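Please read the structure below before turning to the comments.
Residue numbering restarts at 1 for every chain, and letters A, B, ... go by the order of the sequence lines. In this text the structure is predicted, and so the values were computed from the model without any measurement.
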2 protein chains.
Amino acid sequence: MNIGEIARRAGVSRSTVSYALSGKRTVSEATRQRIQAVIDELGYRPNATARALREGRNRTLGLVIPPARGRLTFMQLEFVASVTEAADRADLDVLLSSSGGDHDRSFERIVDGRRVDGVILMEIRLDDPRVRRLKALGLPFVTIGRTARPQGMCWIDVDFATLVGRCVNHLADLGHRHIALINRSTELVASGYGPAHRAREGFADAVARHGIDGMEFCCADDASAGETCVQEILRAHPEVTAVTTVNEAALPGVQRALEDAGLNIPARFSIAGVAARFWAEQFRPQLTAADLPAVDMGATAVDFLVERIAEPDGPPRQHLFVPPISLRNSTGPAPAAR
Amino acid sequence: MNIGEIARRAGVSRSTVSYALSGKRTVSEATRQRIQAVIDELGYRPNATARALREGRNRTLGLVIPPARGRLTFMQLEFVASVTEAADRADLDVLLSSSGGDHDRSFERIVDGRRVDGVILMEIRLDDPRVRRLKALGLPFVTIGRTARPQGMCWIDVDFATLVGRCVNHLADLGHRHIALINRSTELVASGYGPAHRAREGFADAVARHGIDGMEFCCADDASAGETCVQEILRAHPEVTAVTTVNEAALPGVQRALEDAGLNIPARFSIAGVAARFWAEQFRPQLTAADLPAVDMGATAVDFLVERIAEPDGPPRQHLFVPPISLRNSTGPAPAAR
DNA sequence: TTGTATGCGTTATCAT
DNA sequence: ATGATAACGCATACAA
């Protein structure tokens, strides 16, 4: 069923049907109703593909997620859901692409074929080839996370440096003098993953500012790595009384290792970090942490992208999220000794 | 950059360029190379929208997910990721639609506008209006879960009845005589949600078969509901020594309540169920459970859909997943008394 | 208030 | 081995 058939049956021209539908020029009430009757009867709906071809836009945005083999984090998954809902509110569809590393076929398909009007790029690297690609194509995009040179680009990010710094402040104020950072994986750091780098920097700065002892550990994004990591910390650095972390997926293992070591939280050991609320509340006792604002971030990313699509040469918008640290029960005064 | 421009610069017709690219008719090596050179130089890529209009298909499938306000479960999220990857392997894109209940705008957009060649429908109800819609449109689709009348349709599902039955068998074999089922929420049951209904049936059958005492409790999909639910069970039915559940999101609360009641697992209380592996492993001690095979399910759903798109009138394929129950450490012999 | 004609970028049919 | 041309379904500039 197409617009021509509707026109024929209603005894009008195609343009009249089109205008009756779009309202972009006046159509007499009589013909409008006749047309509508035919449309209702035949259940006609305009073909979105033809419209996209004609209009030169798809009313669709691309969402590039990391390949699932590296297991999506809870935070990422919440973000995907919130982007989908925000897009829906703007009457936009979302074309999903799982890409990253060498697995970029779907990214190419979506971008090369101009299937989308703009792209939201998750899990950006400090130097990201996909960003260069999008720039070269002149396709509007928003990144989640910043590249090394984010000037002139549209992005949103979480201020991991500041947040980790605040965690250190908090722990130092409680008297802790030997603090460990449990960062993301070595591979992630090596590949230039911003959050890991900025967590490191924020940690180093804060530790230096307080003149206390800080050490960093990389840790894969899973529970058993977290367990091993804490065991290693306790073994090699018995003086450590507190940990700060940006690795939410490691938390269950962190908890286990501390329990097994008989270290009561927060009486004998403190921990604070940055994590999705889900993980913070899952921790026992609940974790003092900056909750990652996934829903806000998704909505903001869509807002920025929609704005940029409408006005590609407008000023690039950027937002650094600094969510408050929720004081829960995992931090307390440093114990006299361990 | 379009195919006409390439043709002009290569000094050939548009059809020659098209054929050179598709290989659907022979093109002399000389012109092929000349064309390729121009393409490489100008970075030409065919416009997917125009191709879709011409070919009458989009090489895209729709994935309808439940609205995120009800928080996507891990299982659902894993499924989304696996569908995306399976689609990518088949060179298909995935258009995401979050719909369900009254929030069906994006479903309409995708389906009415013929933006997709087929649809994967998650979280099906026993009587689902979207299924009727897709049938009426003649759009190929695969459902995750079955409707009440699944004959003639393409679907995959998890055999909750059998799995819950097996959990009961296992617990009965261990000597438990008073077993509770922690099902999904009252609302979900009321709305005709298949897994909840079939868990109930499987439970009732198994309990009757063993001639033991079984009782069912509905429980919202979150930790605190799980906690309340277990407290209620322990209070009202102190004779209960084991629980089986299909409510993974309630597990953290279940655990908390049992801990608070001082009921050691599995010495004084046993629990077995159906859950994503993530949740089973998160439980302490690790949960004896049938792990939901999200990745297999995603791949299978895509396979079925691709097949159906290619051959809309072929026999509808169906698969009932009965994943093995992984024996972990949450079940043991019934205690003498409680 | 309505109709006619054109083009969006492809692919495929027919012709050479 | 290659070219000209007609669709695909829609929106809109131009006419009337």
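Residue A:Ser22 is classed as having no contact, given no heavy-atom separation below 4.0 Å to the nucleic acid. Using a 4.0 Å heavy-atom criterion, one finds that A:Thr49 contacts no nucleic acid atom at all. At a threshold of 4.0 angstrom between heavy atoms, the contacts of B:Gly11 are confined to the sugar-phosphate backbone, with no base atom among them. Within the nucleic acid shown, A:Ser18 comes within 4.0 Å of at least one base atom, counting heavy atoms only.
Between the P atom of C:dG9 and the CZ atom of A:Arg51 lies a distance of 18 Å, rounded to the nearest Å. Put simply, CG on A:Asp112 is 12 Å from P on C:dT10, counting in whole angstrom units. Across the protein-nucleic acid pair, A:Arg14 atom CZ and C:dT4 atom P stand 10 Å apart, rounded to whole Å. The interatomic distance linking A:Asn58 (CG) with C:dC8 (P) rounds to 17 Å, in whole Å. As a whole-Å value, the separation of A:Asn2 CG from D:dC8 P is 8 Å. Between the CD1 atom of A:Ile3 and the C1' atom of C:dT6 there is a distance of 15 Å, given to the nearest Å. In this structure, A:Arg8 atom CZ and C:dG3 atom P are separated by 15 Å, rounded to whole Å. One interatomic measurement links the two molecules: CZ of B:Arg45 to P of C:dT11, which rounds to 14 Å at whole-angstrom precision.
A donor N or O paired with an acceptor N or O is not found under 3.5 Å between the base of C:dT10 and the side-chain atoms of A:Arg114. Interface remark: the B:Arg25 side chain does form a donor-acceptor pair with the D:dG3 base, using a distance-only criterion of under 3.5 Å.
Between B:Thr16 and the phosphate of D:dG3, there is a side-chain N or O to OP1/OP2 separation shorter than 4.0 Å. Within the 4.0 Å cut-off from OP1 or OP2 of C:dT10, at least one side-chain nitrogen or oxygen of B:Tyr44 is found. Contact check, A:Ser13 against C:dT2: no side-chain N or O comes under 4.0 Å of OP1 or OP2. A sub-4.0 Å separation between OP1 or OP2 of C:dA12 and a side-chain N or O of B:Lys24 is present.
Counting only heavy atoms from C-beta on, A:Ser28 has its side chain closest to C:dT2 among C:dT11, D:dC10, C:dT2. Comparing atom distances between the B:Asn47 side chain and each of C:dT10, C:dT11, C:dG3 picks out C:dT10 as nearest. Side chain of A:Ser15, nearest nucleotide from C:dT11, D:dC10, D:dA13: D:dA13. Among the nucleotides C:dT2, D:dG3, C:dC8, the one closest to the side chain of A:Arg54 is C:dC8.
Between B:Arg109 and A:Asp91 there is a salt bridge, with a side-chain nitrogen of the basic residue lying less than 4.0 Å from a carboxylate oxygen of the acidic one. Between A:Arg32 and A:Glu29 a salt bridge is recorded (basic side-chain N to carboxylate O distance below 4.0 Å). With salt bridges taken as basic N to acidic carboxylate O contacts below 4.0 Å, one links A:Glu5 and A:Arg8. Ion pairing of A:Asp112 with A:Arg133 is present here, as a side-chain N (NZ or NE/NH1/NH2) and a carboxylate O approach within less than 4.0 Å.
Along DNA chain D, the nucleotide nearest B:Leu53 and the nucleotide nearest B:Arg34 are compared for position; the residue whose nucleotide lies closer to the 5' end is B:Arg34.
Distance alone, capped at 3.5 Å, is enough to place a donor-acceptor pair between the A:Arg34 side chain and the A:Ala10 backbone. In terms of modelled atom types and a separation under 3.5 Å, the side chain of B:Asp117 and the main chain of B:Asn58 share a donor-acceptor contact.
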